[in-house]
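Written below as structure tokens is the structure these notes are about.
Ligands are counted one by one from 1 in listed order, and the atoms in each one are counted from 1 as well.
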Amino acid sequence: MEQKLEKIKKEALESIHSAESLDSLEEIRVRVLGRKGELTGILRTLGELPAEQRNAVGKKSNEIKKVIEEALDAKISGLQQASFSGLATSEWIDVTLDPALSFREKKPGHLHPISRTQYEIEDILTSMGFQILDGPEAETEYYNFEALNIPKFHPARDMQDTFWTEDGNLLRTHTSAIQIRGMEKMTPPFRIMAPGRVFRYEATDASHEHTFYQVEGMMVDKDISVAHLIYVMEEVLSGVFKSKVKVRLRPGYFPFVEPGFELDFSCLICGGSGCRVCKQSGWIEFLGCGLVHPNVLRAGGIDPEKWSGFAFGMGLNRLIMMQAGINDIRHFMSGDIRFVQQF
Ligand code: DAH
């Protein structure tokens with residue numbers, strides 16, 4: 001019996017010594033000292049032993065139990081200590097780091113000024129019953145020119161220098177191309193708007209960019225007049241500038257409208273009395289518009305005898321430049337985060 005006890009003690013101490021986790025120590029405790037453990041088994045059978053052996057075996061068993069328990073406790077606190085000091089290297093926080101300067105600082109993003117103004121105009125126009133349409137940036141000659149009453153060799157093609165693709169298509173030079181696509185889809189009466197990116201084969205400078213943004217608008221109904229056009233334009237501008245804006249029309253030539261106009265709005269910087277921004281005129285040149293040419297309606301499958309319409313196309317970049325006092329259109333496409341962060 002003594003030998004058996006010694007064996008239990010020896011094996012238990014060895015496995016405690018080589019244990020590497022708290023879980024394996026618990027296993028050892030259960031195996032030796034648990035309810036059905038090796039040592040517990042011996043203590044249970046003490047009563048069956050002859051009286052002279054009983055005392056000695058009992059004493060020895062209790063000694064061994066104590067030794068094993070102490071070894072377990074020592075090993076457990078050793079392992080815990082090691083895991084705490086491991087934490088200090090694996091999960092440290094640098095309390096000297098300034099959160100305001102660190103890359104961890106979370107900056108919520110915001111919309112690019114072009115998107116923001118585009119969405120604003122979309123809200124204003126949709127509230128007046130305009131539907132938003134989209135169209136391809138790579139277009140055919142037909143949608144960009146021909147259907148808009150600009151046939152091949154028409155001098156008006158030179159008004160918009162064009163990026164041509166090798167297969168005879170082009171990058172749309174204006175969102176007016178979407179008017180035709182819209183008319184093909186819709187049945188009058190309707191109101192549509194089409195925001196989008198447009199491209200011109202141009203030398204860039206402070207006021208010219210090869211890529212910029214426009215919003216196109218078109219309303220087709222019975223007996224549409226210039227008065228409808230003026231009302232919608234005043235609503236859009238007053239909505240964008242959040243104050244009453246006056247507009248005026250000057251004759252302008254665009255092959256897809258007749259009559260065609262250049263629309264100016266009253267300068268908001270000086271209130272119309274003349275300043276540097278409006279070149280002392282009190283007015284800012286803003287967009288092209290007019291009453292839709294019968295040829296254009298016909299190209300869109302609409303009978304010009306029955307229906308009439310107005311259309312307009314505005315440049316978003318120019319509008320924002322005026323609003324925010326930006327003096328170089330190239331900032332928009334520069335990708336310079338410092339520009340965008342100012343908005
Ligand atoms: N597409 C013209 C441009 O890019 C702008 C324009 C003028 C659009 C008159 C129109 C319009 O719809 O009626 O310069």
Quick one, list the residues around ligand 1 where some non-hydrogen atom comes in under 4.0 Å, by chain and residue number.
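Around ligand 1, where the cutoff is 4.0 Å for heavy atoms, the contacting residues are Gln160, His174, Ser176, Gln179, Arg200, Gln214, Glu216, Phe254, Phe256, Val257, Gly288, Cys289, Gly290, Ala311, Phe312, Gly313.
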Please confirm whether Phe332 and Phe339 have ring centers closer than 6.0 angstrom.
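Yes - the distance between ring centres of Phe332 and Phe339 falls below the 6.0 Å cut-off.
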Acceptor/donor pairs from residues 286-293 side chains to any protein atom, 3.5 angstrom cut, sequence neighbours excluded:
unit_1 : atom_1 : unit_2 : atom_2 : d
His293 : ND1    : Asn295 : N      : 3.0
His293 : NE2    : Asn149 : ND2    : 3.4

More than 12 heavy atoms of other residues, nucleotides or ligands under 6.0 Å from CD of Gln323: is that the case?
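It does: Gln323 CD has more than 12 such atoms within range.
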Is the terminal nitrogen or CZ of Arg181 (NZ for Lys, CZ for Arg) located under 6.0 angstrom from the six-membered ring centre of Tyr143 and within 45° of that ring's axis?
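Yes; both conditions hold, so Arg181 lies above the ring face of Tyr143.
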For residues 304-316, pull every pair meeting side chain to side chain donor-acceptor pair (under 3.5 Å), keeping only residues two or more places apart or in separate chains.
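Pairs touching residues 304-316 that pass the test: none.
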Pairs under 3.5 angstrom only: tabulate donor-acceptor contacts from the side chains of residues 8-17 to other protein residues two or more places apart or in another chain.
unit_1 : atom_1 : unit_2 : atom_2 : d
Ser15  : OG     : Glu11  : O      : 2.9
Ser15  : OG     : Ala12  : O      : 3.2
Ser15  : OG     : Arg31  : NH2    : 3.4

